[in-house]
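All chains are named by letter (A, B, ...) in the order of the sequence lines, taking the proteins before the strands, and each is independently numbered beginning at 1.
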Amino acid sequence: MRFWLMKSEPSEMSIDGLAARPEQTVAWDGVRNYQARNFMRNQMQVGDLVLFYHSSCPEPGIAGVAEVSRLACPDETQFDPVSKYFDPKATRENPRWFNVEIRFVRKTRLLSLKELRSYPELAGMRILQKGNRLSITPVDPAEWKFIEAKL
DNA sequence: GCCAACGTTGGC
DNA sequence: GCCAACGTTGGC
């Protein structure tokens with residue numbers, strides 16, 4: 001089992017929004033970055049745990065825990081000309097983008113970015129590196145354990 | 001709203 | 001294959 005951190009703008013999908021979804025699950029579609037796609041398509045397994053991170057908002061930070069509830073499948077939005085995620089270069093025969101589905105596990109206190117930065121134990125986290133923009137990143141088991149104890 | 005950092009595109 | 005230009009991300 002692996003651990004991940006997934007960023008979401010709360011205005012798009014917050015931890016409360018996830019909890020309110022049917023089955024408390026959501027297709028993690030719209031990812032248009034190859035590294036993030038590869039994590040989903042090649043590595044994510046059902047049951048993997050996810051730190052749900054709120055980004056681009058007044059208080060960025062970890063807001064909850066989710067789990068991978070479905071293996072990666074071709075992202076339907078790439079085929080939809082009306083979608084903002086439409087990709088004219090993708091075909092059904094040769095899909096370019098994939099997404100997993102995640103399910104709500106629990107809401108936590110907000111562990112802010114500022115607080116995350118304050119722990120030397122977490123200094124190696126990808127999300128804390130300068131210029132990091134990757135929306136899906138692996139989380140080291142030791143880092144997961146440390147963070148979970150703080151939530 | 002600003003802007004640094006990064007990823008992608010496309011001309012050559 | 002290089003690299004300049006462009007678009008996006010995301011904290012502040």
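- Counting only residues at least two apart or on different chains, the ring-ring contact (aromatic ring centres under 6.0 Å, His included) pairs with a member in residues 56-109 of chain A are A:Y34-A:W97.
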Just by protein heavy atoms under 4.0 Å, how would nucleotides 4-12 of chain C read 5' to 3' in B, S and -? ---BBBBSS

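- Within a 6.0 Å radius of CZ in A:R70, other residues, nucleotides and ligands contribute 12 heavy atoms or fewer.
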Should A:R109 and A:E115 be marked as a side-chain contact (heavy atoms from CB on, under 4.5 Å) after you check the CA-CA gap, both sets of side-chain angles, and the distance that decides it? CA-CA 12 Å; A:R109 76 180 180 97; A:E115 184 178 345; 2.7 Å; yes

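- Think of A:V46 as one node in a network of Ile, Leu, Val, Met, Phe, Trp and Tyr side chains linked at under 4.5 Å; its network also takes in A:L71.
- Nucleotides of DNA chain B nearest to A:K130 and A:Y34 differ in position, and the one nearer the 5' end is that of A:K130.
- Side-chain contact between A:D75 and A:R32: present, with at least one pair of heavy atoms (C-beta onward) separated by less than 4.5 Å.
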